[in-house]
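Taking it in order: structure first as structure tokens, then the write-up.
Please read all numbers here as calculations on a predicted model, not as lab measurements.
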Amino acid sequence: MPATTKTVETADLYFQEGNSDKVYHARLETSCGTYSVHFSYGRRGGNMTEGYKVQDVSEAEARKEYDKLVNSKLKKGYQHQ
């Protein structure tokens, strides 16, 4: 049976300025007792780039990376949707 991934927390952010209209999604996930931070970003309505900041780490390490990622986007002018 495949492992089930559970979303612990999400942040859906956007940035609009001039012609720029971007979205950024961050997700703190858990599976099989480990944690990962998944992200996706791109222009609203366009193709999204996806990846992981960290994978298969402790909850504390994943939480630290998730908070750092979301806070860095907020400092750059992104806002919560």
Which pairs of donor and acceptor atoms, one on a side chain in residues 30-40, lie under 3.5 Å apart (sequence neighbours left out)?
unit_1: Thr30; atom_1: OG1; unit_2: Thr34; atom_2: O; d: 3.1
unit_1: Thr34; atom_1: OG1; unit_2: Ser31; atom_2: O; d: 3.1
unit_1: Thr34; atom_1: OG1; unit_2: Asp56; atom_2: OD1; d: 3.2
unit_1: Ser36; atom_1: OG; unit_2: Asp56; atom_2: N; d: 3.3
unit_1: His38; atom_1: ND1; unit_2: Arg27; atom_2: NH2; d: 3.1
unit_1: His38; atom_1: NE2; unit_2: Glu50; atom_2: OE1; d: 3.1

Residues 12-25 side chain polar contacts: donor-acceptor under 3.5 Å, at least two apart:
unit_1: Asp12; atom_1: OD1; unit_2: His25; atom_2: ND1; d: 2.7
unit_1: Tyr14; atom_1: OH; unit_2: Gln79; atom_2: OE1; d: 3.0
unit_1: Gln16; atom_1: NE2; unit_2: Asp21; atom_2: OD1; d: 3.4
unit_1: Asp21; atom_1: OD1; unit_2: Arg44; atom_2: NE; d: 2.9
unit_1: Asp21; atom_1: OD1; unit_2: Arg44; atom_2: NH2; d: 3.2
unit_1: Asp21; atom_1: OD2; unit_2: Arg44; atom_2: NE; d: 3.1

Any side-chain heavy atom of Lys64 sitting closer than 4.5 Å to one from Glu61?
->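 The answer is no, as the side chains (C-beta and beyond) never meet within the 4.5 Å cut-off.
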Glu9 versus Glu29: any side-chain heavy-atom pair under 4.5 Å?
->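 The answer is no, as the side chains (C-beta and beyond) never meet within the 4.5 Å cut-off.
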Shared ILVMFWY cluster between Tyr66 and Leu74, side chains joined below 4.5 angstrom?
->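 In one cluster: yes.
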Supply the atom-to-atom distance Lys6 NZ to Leu28 CG, rounded to the nearest 0.5 angstrom.
->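 Answer for the NZ-CG pair, Lys6 versus Leu28, is 10.5 Å.
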